[in-house]
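Please read the structure below before turning to the comments.
Residue numbers count from 1 along this sequence. We count ligands from 1, going down the list as the structure has it; atoms in each ligand are counted the same way. These values consider heavy atoms only, across backbone and side chains, with no hydrogens, waters or symmetry-generated copies.
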Amino acid sequence: MNENEIKQKLTPEQYKVLREKGTEAPFSGKYVHESKDGTYRCVVCNNPLFNSDAKFDSGTGWPSFDKAIPGSVKEVVDSAHGMSRTEIVCSQCGSHLGHVFNDGPTETGMRYCLNSVCLDLEESK
Ligand SMILES: [Zn+2]
């Protein structure tokens, strides 16, 4: 898929977050309080990124997970805005997804902070 096709496929807000590294407003995303079982996929390329059993309520206003499906995301050092953070991108299409922090409350110690607009939940039957 080229950039123009991606742009056609996404809403303007999705495009801003996924391709221009934007961030959706906290508590605005449709998956913040989602509790259905399934697999969260990349909305651009359908790459399976997170399983619902890794999702937890971080209280931040963004959907949060304590682990990614192995190989599904790539970590990139992000020094924008004067902060040193670790950005996560889809390993398949390179789209921006969110950030990962090492202050997670579960045994993995990781907190993957996602934008809902980047995700598409495929419910398990
Ligand atoms: Zn992708």
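Residues Ser58 and Thr60 come closest through the heavy atom pair OG-OG1, 2.7 Å. Closest non-hydrogen pair, Cys93 versus Arg19, comes out as O-NH1, 3.4 Å. Across every non-hydrogen atom of Phe56 and Met110, the tightest pair is CE2-O, 4.3 Å.
Note that OH of Tyr40 is 11.5 Å distant from CD1 of Ile69, once rounded to the nearest 0.5 Å.
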Hey, can you pull the donor-acceptor pairs under 3.5 Å for the side chains in residues 31-38, sequence neighbours left out?
unit_1	atom_1	unit_2	atom_2	d
Tyr31	OH	Leu121	N	2.9
Glu34	OE2	Lys36	N	3.1

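Of all protein N/O/S atoms, those under 2.8 Å from the Zn ion (ligand 1) are Cys42 SG, Cys45 SG, Cys90 SG, Cys93 SG, and waters are not counted.
A salt bridge is defined here as a Lys NZ or Arg NE, NH1 or NH2 lying under 4.0 Å from an Asp or Glu carboxylate O, and Arg41 with Asp120 fails to meet this definition.
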